[in-house]
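Before any comments, here is the structure.
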Amino acid sequence: MMESVGVYRFCGCTAKNRMKCDSRWEMTASETAPTSAYSSPARSLGDTGITPLSPSHIVNDADPNVSEQQTFLVVVAIDFGTTSSGYAYSFTKEPECIHVMRRWEGGDPGVSNQKTPTTILLTPERKFHSFGYAARDFYHDLDPNEAKQWLYLEKFKMKLHTTGDLTMDTDLTAANGKKVKALEIFAYALQYFKEQALKELSDQAGSEFENSDVRWVITVPAIWKQPAKQFMRQAAYQAGLASPENSEQLIIALEPEAASIYCRKLRLHQMTDLSSKAAVNGYSSSDTVGAGFAQAKEHTRRNRQSRTFLVENVIGEIWSELEEGDKYVVVDSGGGTVDLTVHQIRLPEGHLKELYKATGGPYGSLGVDYEFEKLLCKIFGEDFIEQFKIKRPAAWVDLMIAFESRKRAAAPDRTNPLNITLPFSFIDYYKKFRGHSVEHALRKSNVDFVKWSSQGMLRMSPDAMNALFKPTIDSIIEHLRDLFQKPEVSTVKFLFLVGGFAEAPLLQQAVQAAFGDKCRVIIPQDVGLTILKGAVLFGLDPAVIKVRRSPLTYGVGVLNRYVEGKHPPEKLLVKDGTRWCTDVFDKFISADQSVALGELVKRSYTPAKPSQLVIIINIYSSELDDVSFITDPGVKKCGTLRLDLTGASSTNVPARREIQTLMQFGDTEIKATAVDIATSKSVKVGIDFLNY
């Protein structure tokens, strides 16, 4: 098949009256013979008007235009979670050893402090003060009036998922109600982890460890869209982990993928099989879910002192039952989101293939916190809770910490009540606000399953606590049921339950009850560190996921030759006697299309004149596969492709200059490279999903 070559020329057309043409470029293409070119005036939503280019998908794992891979001494992965975060590392010469960060100072009773809370504190002057337990404890100890001046932020990662129009200027709201730039906060947090990791590496090496020796990996949910991934990369650049000039130093890892990579290394003693009829890992089917997992956690806790985890240099024992082509699901249930991915194993190397595009939603453990807040509003009034959060922000944080520890004690078979301590300032402020006591409010609220304890605590029945979990767990189960209906997910052998929320016995029981008859439900030990350890493995071998699925349909707006009866009359544009159909969607890749790592989509563009230095092309996306025009419902502009020709210019520029662009959709981020065919020089390419 002959590939048509797109030619960008300056747009000199006059658009129809209904729409102003503010396009900067137009593209023409040879459609029948290489020698014939047609003028293709642009007219569509201020976008370029370009004729369709024949997509050229080529597999090319060793692109000659990409410089040789930089070698690093160590891989450091940062699991930037909604509720807790941490880092782990492995030296490239010892890939079988994963070292988890030093133990954090602080912590809460009954809560593992292998990771630290994702909390950050800025001074009243908006300078970074502290992160994690240190931030939380310092904020707690501040005088209430002084605390109002400090900026304390927690659980802010969800903002990147919930903000539809994310930009570099997106704001976050601190506990005191003040606004602060999200990019600044994410950069501060990543800089903190960078400094902690480099200090630990330097201490271990006995000499200063340079940032240039480190390959960084940052985890993000698989359901995040491109703007959120780009935002995280920009924050990492601002924090000094890498730079746009050395972008390969930073890899974005998808959380359920990282978990999947680690799970395939599991040995039998490193997991709990909830579906086992016989004794596995020392637990028989008569053990309750919670009891079995508690034993696993105790086993892990005893082995935690070394902080070094050995992984198999081949696939682990769990795969001994798998055959080529077998499938499994990874359910990453974290603080903010639940991410589902379906993988197929390729033996003997253990490479992975994604079978269905990542799905999920905001069904993390934060949902339980929101239900608790709704319960407090029901008892004490929404107006009071809102005022209390603003007037006593540190005390509100204390209350949620107290709830967190009791939340972790919830279990299906629990019979005794759970006591949640109310801060003194809550009791005091409520009396001033309402004129009567907290105890009085509880009596009048008609909430029978929450009582007042004379020790200053809310006493919740187990059923009341379980009810707080129900909406979130129901959403997870419903989402999983939808996934299991897909043909690609039939005959799944394993379901791996990972992430911090996977520690909840209530969630474990619900997943086992709903899907235990369809597949084996497996929980890795130290389940909260599964993603972190998998992210290190991904940094050591980013090519382990060989095939992914595109979450969206991507393409550009083009002009096509008008065909009577096929194209809508309102799309007709006549220019110099040639009939064109405008707004045609030229598809790069379809939603849920299988795309191999290294597979490239090729397009060729030609500047309007030799002196032209920049070409800008708008990119469109849709969740639908069947897209005909960029004006179709559900199609929206999502970014720009920018070709900077300044570096590729030379004195002998031919009159017709071809810039070949290669786009890669099979990685965790969309990437592009370009080359000037005449000079063989690289062209600087930028794909921007944030500032377009």
Side-chain angles (χ1 to χ4, degrees), residues 81-84 111 155 158 161-162 221-223 255-256 259 272 274-275 288-294 297 329-341 358-376 378 400 403-415 418 420 449-450 460-485 489 492 494-524 527-528 530-531:
T82 303
T83 51
S84 61
V111 178
K155 300 165 185 169
M158 275 297 285
H161 178 69
T162 55
I223 55 172
E255 288 163 0
T272 305
L274 300 186
S275 311
T288 64
V289 169
F293 195 68
K297 285 207 292 184
V329 176
V330 175
V331 181
D332 169 23
S333 45
T337 56
V338 164
D339 247 351
L340 314 176
T341 194
T359 60
Y363 318 129
S365 61
L366 281 186
V368 185
D369 298 354
Y370 294 145
E371 289 299 316
F372 178 61
E373 189 175 328
K374 279 164 62 177
L375 178 65
L376 292 177
K378 188 176 180 182
M400 293 311 292
F403 173 69
E404 177 68 26
S405 67
R406 303 322 298 145
K407 181 173 85 175
R408 288 169 182 265
D413 53 351
R414 188 180 179 102
T415 54
L418 296 115
I420 299 162
F449 41 78
V450 180
M460 294 184 71
S461 71
D463 287 346
M465 179 62 85
N466 294 359
L468 300 182
F469 280 77
K470 192 175 187 306
T472 301
I473 290 177
D474 285 353
S475 294
I476 294 170
I477 299 300
E478 183 183 348
H479 207 88
L480 267 169
R481 282 210 175 98
D482 288 345
L483 183 67
F484 270 80
Q485 297 298 317
V489 191
V492 162
F494 295 109
L495 185 154
F496 290 101
L497 194 55
V498 304
F501 196 28
E503 294 184 3
L506 289 166
L507 177 60
Q508 293 170 25
Q509 185 196 53
V511 172
Q512 170 61 20
F515 306 104
D517 60 339
K518 294 181 176 66
C519 57
R520 287 172 60 190
V521 180
I522 306 283
I523 303 179
V527 65
T530 302
I531 291 160

Item checked: Candidate pair V338 and H479, rule side-chain contact (heavy atoms from CB on, under 4.5 Å), full reasoning -> CA-CA 9 Å; V338 164; H479 207 88; over 6 Å; no
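- Distance check: F484 CZ to L340 CG gives 9.0 Å after rounding to the nearest 0.5 Å.
- At least one donor-acceptor pair under 3.5 Å links the side chain of S333 to the backbone N or O of V498.
- The pair E478-R481 does not count as a salt bridge, with every side-chain nitrogen at least 4.0 angstrom from each carboxylate oxygen.
- You'll find the side chain of P505 stays beyond 4.5 Å of the side chain of R414, heavy atoms only.
- The shortest distance between side-chain heavy atoms of L497 and V527 does not fall below 4.5 Å.
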Next item on the list: For the pair V329 and V489, evaluate side-chain contact (heavy atoms from CB on, under 4.5 Å) and give the outcome as yes or no after the intermediate values.
Entry: CA-CA 8 Å; V329 176; V489 191; 3.9 Å; yes
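- A 4.5 Å side-chain heavy-atom check between E404 and T83 finds every atom pair outside the cut-off.
- The two residues L506 and A410 make their nearest non-hydrogen contact at CD1-CB, 3.9 Å.
- In terms of heavy atoms, T341 sits closest to P256 at CG2-CB, 3.5 Å.
- Between V492 and F515, every side-chain heavy-atom pair lies at or beyond the 4.5 Å cut-off.
- When side chains are defined from C-beta on, L480 counts as touching L495, because their heavy atoms get closer than 4.5 Å.
- Q509 contributes atom CD, which lies 9.5 Å from atom CD of Q512 (distance to the nearest 0.5 angstrom).
- Rounding to the nearest 0.5 Å gives a distance of 11.0 Å between CZ of F403 and CZ of R408.
- The side-chain heavy atoms of L375 and F449, taken from C-beta on, include a pair separated by under 4.5 Å.
- Between the CG atom in L507 and the OH atom in Y363 there is a gap of 14.0 Å [rounded to 0.5 Å].
- Going from atom CE of M460 over to atom CZ of F372 covers 6.5 Å, rounded to the nearest 0.5 Å.
- For the pair L274/Q508, a side-chain contact is recorded, criterion being any heavy-atom separation below 4.5 Å from C-beta on.
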Can you give each donor-acceptor pair under 3.5 Å made by side-chain atoms of residues 463-477, sequence neighbours left out, with the distance rounded to 0.1 Å?
| residue | atom | partner | partner atom | Å |
| --- | --- | --- | --- | --- |
| K470 | NZ | D474 | OD2 | 2.6 |
| S475 | OG | P471 | O | 3.0 |

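- Atom OG1 of residue T272 and atom CD1 of residue I523 lie 6.0 Å apart, to the nearest 0.5 angstrom.
- Nearest heavy-atom pair across G528 and E503 is N-OE2, 4.0 Å.
- For D339 (side chain) and A222 (main-chain N/O), a donor-acceptor pair under 3.5 Å exists by modelled atom type.
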